[in-house]
Structure formats: structure tokens, C-alpha cells
Amino acid sequence: MSEVKISAKVRSEFGKGAARRIRRADQVPGVLYGHGSDPVHLTLPGHELLLALRTPNVLIALDIDGKGNELAIPKSVQRDPLKGFLEHVDLLLVKRGEKVTVEVPVVAEGDLAPGGNLLEHVLNALPVEAEATHIPESFTVSVEGLEAGASIVAKDVELPKGVTLAAEEDAVVLQVVAAQAEEPAADEEAEEAPEAAAAEGDESSEG
């Protein structure tokens with residue numbers, strides 16, 4: 001996977017007020033931690049960080065105050081629930097050759113067997129252990145021709161060389177759910193009601 005270079009600055013202001021000022025300046029407050037070192041509080045460029053985070057488990061080469069690069073991967077990203085802008089990011093310090101445990105998105109491809117069945121993503125991402133600079137962006141799984149009741153478990157997902165599963169082998173990742181019978185439409189029920197009332201009226205008149 002490619003590295004994304006981002007310049008960052010060490011910050012000394014904390015609290016909600018400081019965080020708001022940082023975000024108004026199109027910056028994002030963050031924390032870098034790992035390897036037993038003290039957490040480093042950072043200010044990162046908002047637009048560059050947003051673009052970088054479009055890639056899951058992106059490897060970020062941080063240039064902190066112009067003192068050289070530190071490699072990191074995102075561990076926790078907080079976004080505004082309504083507007084979606086970045087509020088805070090936690091970054092994990094990593095080294096080349098180091099193994100890390102991450103969650104990699106699972107992407108389904110292919111068409112299910114005819115019948116209108118539904119594909120349920122039980123796990124949207126699969127926990128794996130991989131070398132920090134070679135984390136897969138996603139795992140592609142074929143669901144071609146699967147019928148209702150079929151499922152794909154963790155051990156069925158093909159992993160690249162050097163990547164090992166960090167979840168139960170029998171954990172269900174995808175499953176095919178049978179299509180449910182459609183309920184009568186409201187207008188159909190409305191049409192049936194007058195007919196039923198008319199039938200009842202005919203019966204009472206005959207009596």
C-alpha cells in the first residue's frame with residue numbers, strides 16, 4: 001500500500017474551546033501513541049487528512065514540526081454525526097516490518113441465485129494481522145449463485161501472503177437471507193374493504 005505524507009504540528013492547547021478553534025481553521029485535533037511512548041497531541045490539516053482517510057487503514061507518514069517522518073495508521077476517527085466533518089483522530093505509531101491487528105473491509109461481488117434473496121453483511125470488516133506497510137485495502141468475496149441459507153465464514157475469505165486471520169474461523173461474514181413475502185399494499189386493502197361491506201349488506205337484506 002502507498003504512503004500518504006501529511007505535515008502535522010504539536011499542539012499545546014486542549015479542551016473543547018481549543019478543539020473548536022482548530023476545526024474552524026480547517027484543522028483536526030489528533031493524538032499519536034504507541035510503542036510505549038507518551039502520547040503526542042497533534043494538529044493535522046483537515047482536507048489532506050480527509051482525503052487520506054478515504055483509504056481504509058491508510059499508512060500515514062507524519063512530518064511533525066519538520067523533524068522527520070513517523071509512520072502511523074488511523075485507529076479511531078470521530079466525525080460529526082450530522083455534517084460528517086472530522087472532529088478528532090487517534091493515530092497508532094508503527095514501524096516497518098511490524099505486525100499490527102486491523103479490520104479490513106469485505107467487498108462482495110457477483111449475483112445471488114434468482115429468487116430475490118438478500119445478502120446480509122454480518123461483518124463489514126474482517127480482523128486480521130498484517131505487516132504495517134502491507135495492509136490490504138479490502139477483501140473481495142464472490143457470492144455468485146449463492147442461495148438462501150448459504151453463508152461465508154471467516155476461513156472462506158482468501159487472504160494475501162503474510163496476512164493471518166485474527167477472528168474465529170467459523171465467524172459468519174456474509175449470509176444469504178430468504179426474501180420475505182410482500183404484505184398487501186394499502187390501496188389493495190382499501191379496495192377490498194368496500195367489497196366486504198357490500199357483501200355484508202347483501203346478506204343482511206336477504207335476511
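Below, all heavy atoms of this structure are taken into account, side chains as well, without hydrogens, waters or symmetry copies. As the structure is a prediction and not an experimental result, all values here were calculated from the model.
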Joint hydrophobic cluster, Leu42 plus Ile22, side-chain heavy atoms closer than 4.5 Å
no

Is it possible for you to say whether Phe85 and Val77 belong to one hydrophobic cluster, with membership spreading through side-chain heavy-atom contacts below 4.5 Å?
no

Any side-chain heavy-atom pair from [X] and [Y] closer than 4.5 angstrom?
X	Y	result
Glu158	Val141	no
Ile73	Asn57	no
Gln78	Val89	no
Leu86	Leu50	yes
Leu93	Val40	no
Pro29	Arg11	yes
Phe139	Leu159	yes
Thr43	Val28	no

Measure across [X] and [Y] and return the closest heavy-atom pair with its distance rounded to 0.1 Å.
X	Y	answer
Val163	Pro136	CG2-CG, 4.0 Å
Val104	Ser138	CG1-CA, 3.4 Å
Asn117	Ala148	ND2-N, 3.6 Å
Gly110	Val143	O-CG2, 3.6 Å
Ala108	Leu174	CB-CD1, 4.2 Å
Leu91	Ala72	CB-CB, 4.0 Å

For Val4 and Val58, what are the C-alpha separation, side-chain angles and deciding distance, and is it a side chain to side chain contact (heavy atoms under 4.5 Å, CB included)?
CA-CA 8 Å; Val4 177; Val58 62; 3.7 Å; yes

Take a 6.0 Å sphere around NE2 of His121 and say whether it holds more than 12 heavy atoms from other residues, nucleotides or ligands.
yes

Would you indicate whether Glu168, at its atom CD, is surrounded by more than 12 heavy atoms from other residues, nucleotides or ligands within a distance under 6.0 Å?
no

Side chain to side chain contact (heavy atoms under 4.5 Å, CB included) assessment of Leu71 paired with Ile60:
CA-CA 6 Å; Leu71 292 179; Ile60 300 174; over 6 Å; no

Please list all pairs meeting side chain to side chain donor-acceptor pair (under 3.5 Å) that have one or both residues in residues 92-113, counting only residues at least two apart or in different chains.
Glu3-Arg96, His35-Glu98

Mind running side chain to side chain contact (heavy atoms under 4.5 Å, CB included) on Val157 and Val128 for me, showing each step along the way?
CA-CA 11 Å; Val157 180; Val128 297; over 6 Å; no

Set of residues satisfying salt bridge (Lys or Arg N to Asp or Glu O under 4.0 Å) with respect to Asp38, sequence neighbours excluded:
none

Using the salt bridge (charged side-chain N to carboxylate O under 4.0 Å, His left out) rule, collect all pairs that involve [range], keeping only residues at least two apart or in two chains.
range	answer
residues 144-157	Lys155-Asp170
residues 39-66	none
residues 67-84	none

Quick one: CD1 on Ile64 to CG on Leu44, what's the gap to the nearest 0.5 Å?
8.5 Å

Supply the atom-to-atom distance Leu146 CG to Ser151 OG, rounded to the nearest 0.5 angstrom.
9.0 Å

Exam field: side chain Arg23 to backbone Glu87, donor-acceptor pair closer than 3.5 Å:
yes

Exam field: side chain Glu13 to backbone Ala18, donor-acceptor pair closer than 3.5 Å:
no

Hydrophobic cluster of Val153, others only, ordered by chain and residue number, side-chain cut-off 4.5 Å
Val122, Val172

Could you go step by step and tell me if Leu123 and Val106 meet the side chain to side chain contact (heavy atoms under 4.5 Å, CB included) rule?
CA-CA 8 Å; Leu123 293 179; Val106 176; 5.9 Å; no

